[in-house]
Amino acid sequence: MKRLIAYFVSGVRTGSFFYLALLLLGQLFPQLIYPKVSVGNILALFMMSGLMGMLSWILEEFDHMSYRHRVMLHFLLTAIVLIGTCLISGWTNALLNPIIWIVFISVYIIIWLYLIWQMHMRTQRINQALIHRRKQKSKKLY
């Protein structure tokens, strides 16, 4: 349960970041993107991004599936959460607009690139710690 809550909070954090980025873009390019700020929109965004974050457990827990299939399942379920949020929140017009899908796919790719970079950096730190540990052990032997 704690892990699902952590995934939910992580999703809200990521969703909030991108919502603020879209608001910034809306100020810079109002003819392209203009998200409206309202209590309903913010709550819908929190729930949507939290649910999307919770879907990340698929990537860890479904080891019986290939990683590619898990990513595709995650992408499809994330798109379904977006569609559901749009339908529940009365944003049905947004679903017909290709910009929402371009933004969705772009954000999805950006998040994946960030996660890949983060994994690379974590691996580098672990490798450096192991090298340091081996050096310490070899000094003790002599």
Side-chain angles (χ1 to χ4, degrees), residues 1-140:
M1 185 66 166
K2 287 181 183 180
R3 285 179 61 191
L4 284 179
I5 292 171
Y7 282 127
F8 185 88
V9 170
S10 176
V12 169
R13 181 184 60 227
T14 303
S16 299
F17 171 80
F18 281 101
Y19 184 66
L20 288 173
L22 283 175
L23 288 176
L24 177 63
L25 286 174
Q27 294 299 309
L28 297 173
F29 306 104
Q31 66 278 12
L32 295 179
I33 302 169
Y34 190 70
K36 295 178 182 174
V37 179
S38 70
V39 172
N41 286 354
I42 292 170
L43 290 175
L45 174 94
F46 279 173
M47 288 306 298
M48 177 180 66
S49 56
L51 289 173
M52 288 176 176
M54 288 174 71
L55 289 175
S56 297
W57 69 269
I58 289 172
L59 301 172
E60 291 182 17
E61 297 298 323
F62 283 28
D63 5 357
H64 62 278
M65 294 173 68
S66 72
Y67 195 72
R68 182 185 322 160
H69 287 121
R70 287 184 277 175
V71 170
M72 289 178 358
L73 179 63
H74 182 266
F75 179 80
L76 288 174
L77 290 174
T78 303
I80 289 170
V81 168
L82 174 65
I83 292 167
T85 303
C86 287
L87 293 175
I88 290 170
S89 301
W91 306 334
T92 51
N93 291 339
L95 290 173
L96 303 175
N97 190 342
I99 290 178
I100 194 170
W101 296 106
I102 292 169
V103 169
F104 171 73
I105 292 169
S106 300
V107 167
Y108 197 86
I109 290 170
I110 290 169
I111 291 170
W112 269 105
L113 290 174
Y114 171 74
L115 291 175
I116 290 168
W117 175 77
Q118 192 177 33
M119 208 178 322
H120 173 73
M121 296 306 291
R122 187 178 308 134
T123 304
Q124 293 288 24
R125 283 194 303 270
I126 290 169
N127 287 340
Q128 288 300 321
L130 289 173
I131 289 169
H132 179 71
R133 188 174 177 188
R134 278 190 219 131
K135 285 181 182 178
Q136 293 299 329
K137 280 186 178 184
S138 67
K139 284 183 183 179
K140 287 182 183 180

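The structure displayed is predicted, hence computed values, not measured ones. The residues of the chain are indexed from 1 along the displayed sequence.
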[X] side, atom [atom1]; [Y] side, atom [atom2] - distance, nearest 0.5 Å:
X: Leu28; Y: Leu23; atom1: CG; atom2: CG; answer: 11.0 Å
X: Leu115; Y: Arg122; atom1: CG; atom2: CZ; answer: 9.0 Å
X: Tyr7; Y: Leu51; atom1: OH; atom2: CG; answer: 15.0 Å
X: Leu45; Y: Met52; atom1: CG; atom2: CE; answer: 9.0 Å
X: Leu76; Y: Ile83; atom1: CG; atom2: CD1; answer: 9.5 Å

Practice problem: Take Val103 and Ile100 through the test side chain to side chain contact (heavy atoms under 4.5 Å, CB included) and record every step on the way to the result. | Solution: CA-CA 5 Å; Val103 169; Ile100 194 170; 5.7 Å; no
Quiz prompt | Val81 side chain near Leu77 side chain, heavy-atom distance below 4.5 Å | solution = no
Mind checking what makes side-chain hydrogen bond (donor to acceptor under 3.5 Å, both in side chains) contact with [X], not counting sequence neighbours?
X: His120; value: Gln124
X: Ser66; value: His69
X: Arg13; value: Ser10

Quiz prompt | CA sep, side-chain torsions, deciding dist, call: Tyr67, Arg70, side chain to side chain contact (heavy atoms under 4.5 Å, CB included) | solution = CA-CA 5 Å; Tyr67 195 72; Arg70 287 184 277 175; 3.5 Å; yes
Quiz item: Within a reach of under 6.0 Å around OH of Tyr114, are more than 12 heavy atoms found that belong to other residues, nucleotides or ligands?
Solution: no
Quiz prompt | NE2/His64: more than 12 non-hydrogen atoms of other groups inside 6.0 Å | solution = yes
Exercise. Grab the two heavy atoms, one from Phe8 and one from Met47, that are nearest each other, plus how far apart they are.
Key: CZ-SD, 4.1 Å
Quiz prompt | Smallest separation among heavy atoms of Leu82 and Met48, with atom names | solution = CD1-SD, 3.5 Å
Quiz item: Who pairs with Ile42 by side chain to side chain contact (heavy atoms under 4.5 Å, CB included), at least two apart in sequence or on another chain?
Solution: Tyr19, Val37, Phe46
Self-check item: Where at least one partner belongs to residues 97-113, residue pairs that pass side chain to side chain donor-acceptor pair (under 3.5 Å), sequence neighbours excluded
Solution: His74-Tyr108, Tyr108-Trp112
Distance-only check: which donor-acceptor pairs under 3.5 Å involve side-chain atoms of residues 88-95, not counting sequence neighbours?
unit_1 : atom_1 : unit_2 : atom_2 : d
Ser89  : OG     : Thr85  : O      : 3.0
Trp91  : NE1    : Asn41  : OD1    : 3.2

Exercise. Starting from the C-alpha separation in whole Å, work towards a yes-or-no answer on side chain to side chain contact (heavy atoms under 4.5 Å, CB included) for Ile105 and Ile109.
Key: CA-CA 6 Å; Ile105 292 169; Ile109 290 170; 3.8 Å; yes
